[in-house]
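A short worksheet on the structure shown next.
Sequence positions, counted from 1, serve as the residue numbers for this chain.
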Amino acid sequence: MNRSLRLVVTLGVTFMAATFVAGQAVAQARRGAAATAPTTARAGAPIDITGHWVSLITDDWVYRMITPAKGDYSYIPLNAEGRRIADSWDPARDQAAGEECKAYSAPAIMRLPGRVQISWQDDNTLKLDIDTGMQTRLFHFGQAEPQGARSWQGWSKSAWEISGGTDSIFTGAPTSLGEIKRVGSLRVDTNNLRAGYLRKNGVPFSEASFMTEYYNLIVEEDGNQYLVIQTYVADPRYLAGHFVRTLQFKREPDASKRNPTPCSAS
């Protein structure tokens with residue numbers, strides 16, 4: 001075998017060996033990551049949104065702080081059928097029917113002024129206690145199928161979305177750039193809803209509605225913390241497009257300012 005051929009063979013063998021060793025290292029790292037992966041949603045949370053929060057009404061003030069006039073569905077992409085339903089709103093009828101909480105349902109309640117207490121009901125269920133309307137939302141991890149009858153708050157399937165992908169073996173590992181922070185957000189998909197209102201003046205959503213929310217935590221240099229929620233509501237019956245809003249909450253030190261108030265139809 002001449003010298004050139006021996007060199008090619010040697011390089012080829014070296015490359016294959018290096019590739020095999022690298023592949024084994026990656027596989028071992030992935031097995032190690034899988035072995036140490038959090039077993040519950042609570043243990044695997046990339047952000048801590050538990051605690052006490054107050055809503056910041058920074059936009060749509062006249063639609064959130066007071067009940068808009070009947071027939072005012074500005075900035076909501078209602079179709080003709082949705083506008084017809086909104087124009088027939090009668091709060092006295094809702095009150096008499098025991099449906100005064102129609103505007104305190106999941107697609108609407110986070111936009112109402114108030115305070116929210118977030119805690120872990122168990123290791124795979126987040127609980128939101130909302131003082132406005134005295135409502136409770138449950139975010140279920142690892143349970144995809146709706147359970148029980150339709151309700152104002154529906155069934156919410158939740159998952160952590162980790163930056164860089166949840167299967168990255170480098171998440172949280174030291175690198176030449178320092179330690180990579182493990183950050184992410186919470187995604188919540190809600191269905192199994194009872195028909196209700198997107199606004200208190202009777203702007204409707206149907207039982208076919210589906211809502212997706214993203215919960216993001218922002219920590220300022222001064223220590224203040226903000227919960228920013230992006231919401232997307234789809235309704236093939238009453239909406240001509242997605243109803244999209246961004247909401248802000250500020251962290252409070254305790255529950256001393258909570259003021260639970262019942263639902264009101266008007």
Side-chain angles (χ1 to χ4, degrees), residues 52-78 81-119 127-139 148-156 188 190-209 211 213 227 229 231 233 235 237-239 243-250 252 255-266:
H52 304 277
W53 303 90
V54 59
S55 59
L56 302 179
I57 311 299
T58 58
D59 60 356
D60 286 349
W61 193 94
V62 296
Y63 301 110
R64 298 171 64 184
M65 293 298 295
I66 59 177
T67 301
K70 181 177 180 178
D72 186 351
Y73 27 78
S74 304
Y75 310 112
I76 297 181
L78 286 179
E81 179 63 9
R83 292 192 295 271
R84 186 187 69 80
I85 297 295
D87 289 338
S88 66
W89 174 59
D90 183 351
R93 181 181 60 204
D94 290 340
Q95 190 77 34
E99 296 186 331
E100 58 271 20
C101 287
K102 291 182 77 170
Y104 296 77
S105 53
I109 194 166
M110 303 302 285
R111 293 197 308 280
L112 295 177
R115 288 178 163 83
V116 180
Q117 178 178 334
I118 303 178
S119 61
K127 180 181 179 182
L128 280 69
D129 286 311
I130 306 164
D131 65 356
T132 302
M134 301 166 63
Q135 299 294 301
T136 297
R137 298 184 66 190
L138 296 177
F139 295 170
R150 294 182 181 275
S151 66
W152 301 127
Q153 307 310 324
W155 173 266
S156 294
V188 181
T190 300
N191 62 357
N192 205 41
L193 288 158
R194 185 177 174 183
Y197 296 148
L198 292 172
R199 276 190 190 149
K200 289 199 70 176
N201 63 338
V203 175
F205 69 85
S206 74
E207 291 185 349
S209 296
M211 178 175 68
E213 301 165 280
L227 188 61
I229 308 172
T231 67
V233 180
D235 183 359
R237 182 170 181 183
Y238 295 138
L239 294 179
F243 178 50
V244 182
R245 285 295 181 272
T246 299
L247 316 171
Q248 299 86 31
F249 289 77
K250 184 177 181 179
E252 293 189 311
S256 60
K257 296 182 179 180
R258 283 179 61 84
N259 181 32
T261 54
C263 298
S264 170
S266 59

>> I'd like to know whether R115 forms a side-chain contact (heavy atoms from CB on, under 4.5 Å) with V54, so could you lay out the CA-CA distance, the side-chain angles of the two residues, the decisive distance to 0.1 Å, and finally the verdict.
In response: CA-CA 4 Å; R115 288 178 163 83; V54 59; 3.7 Å; yes
>> Tell me the closest heavy-atom pair linking A265 and E100, and the distance in Å.
In response: N-CB, 3.8 Å
> What heavy-atom pair brings E213 and M211 nearest, and what distance separates the two atoms?
Replying inline: OE1-CE, 3.5 Å
> Where do G148 and N192 come nearest, in terms of heavy atoms and distance?
Replying inline: O-ND2, 3.2 Å
>> Measuring from atom CD1 of I130 to atom CG of L112, what distance do you get when rounded to the nearest 0.5 angstrom?
In response: 9.0 Å
> Rounded to the nearest 0.5 Å, what separation is found between the CZ atom of R258 and the OG1 atom of T132?
Replying inline: 9.0 Å
> Between R237 and A208, is there a donor-acceptor pair closer than 3.5 Å when you use the side chain of the first and the backbone of the second?
Replying inline: no
> Hey, what do you get for NZ (K127) to CD1 (I118), rounding to the nearest 0.5 Å?
Replying inline: 12.5 Å
>> Which heavy atom of I109 sits nearest to which heavy atom of R137, and what is that distance?
In response: CG2-CD, 4.3 Å
> Which pair of heavy atoms, one from S88 and one from I85, lies closest together, and at what distance?
Replying inline: OG-O, 2.7 Å
> Between the side chain of R93 and the main-chain N/O of W89, is any donor-acceptor distance below 3.5 Å?
Replying inline: no
> Can you find a heavy atom in the side chain of D235 that is under 4.5 Å from one in the side chain of F243?
Replying inline: no
> Any side-chain heavy atom of T67 sitting closer than 4.5 Å to one from S266?
Replying inline: no
> Has the side chain of D131 got a donor or acceptor atom that lies under 3.5 Å from a matching backbone atom of G114?
Replying inline: no
> Are Y73 and D87 side-chain neighbours, meaning at least one heavy-atom pair lies under 4.5 Å?
Replying inline: yes
>> Taking atom NZ as the centre, does K257 end up with more than 12 heavy-atom neighbours from other residues, nucleotides or ligands that are less than 6.0 angstrom away?
In response: no
> Any side-chain donor-acceptor pair under 3.5 Å between K200 and Y104?
Replying inline: yes
> Considering only heavy atoms from C-beta outward, does the side chain of M110 approach that of T231 to under 4.5 Å?
Replying inline: no
> What are the two closest non-hydrogen atoms of Y75 and R245, and how far apart are they?
Replying inline: O-NH2, 3.1 Å
> Is the shortest side-chain N to carboxylate O distance from K70 to D90 below 4.0 Å?
Replying inline: no
>> Using the rule given for side-chain contact (heavy atoms from CB on, under 4.5 Å), can you reason through C263 versus Q135, listing the C-alpha separation, both sets of side-chain angles and the distance that settles it, and then say yes or no?
In response: CA-CA 9 Å; C263 298; Q135 299 294 301; 3.6 Å; yes
> Roughly how far, to the nearest 0.5 Å, is OG1 of T190 from CD of Q153?
Replying inline: 9.0 Å
>> Do L78 and L239 have side chains that approach each other closer than 4.5 Å (heavy atoms only, starting at C-beta)?
In response: yes
> In Å, rounded to the nearest 0.5 Å, how long is the span from CE of M65 to CD1 of I57?
Replying inline: 6.0 Å
> Rounded to the nearest 0.5 Å, how far apart are CE of M134 and SG of C101?
Replying inline: 9.5 Å
>> Looking only at the side chains, is there a donor atom on one of T136 and D129 sitting less than 3.5 Å from an acceptor on the other?
In response: yes
> Passes side-chain contact (heavy atoms from CB on, under 4.5 Å), D94 versus Y197? Steps please.
Replying inline: CA-CA 11 Å; D94 290 340; Y197 296 148; 2.7 Å; yes
>> Could you check whether R199 makes a cation-pi contact with Y63, meaning its NZ or CZ is under 6.0 Å from the centre of the six-membered ring and within 45° of the ring axis?
In response: yes
> Do the side chains of D59 and R64 get nearer than 4.5 Å, heavy atoms only?
Replying inline: yes
> Taking the side chain from R111 and the backbone from L198, do they hold a donor-acceptor pair closer than 3.5 Å?
Replying inline: yes
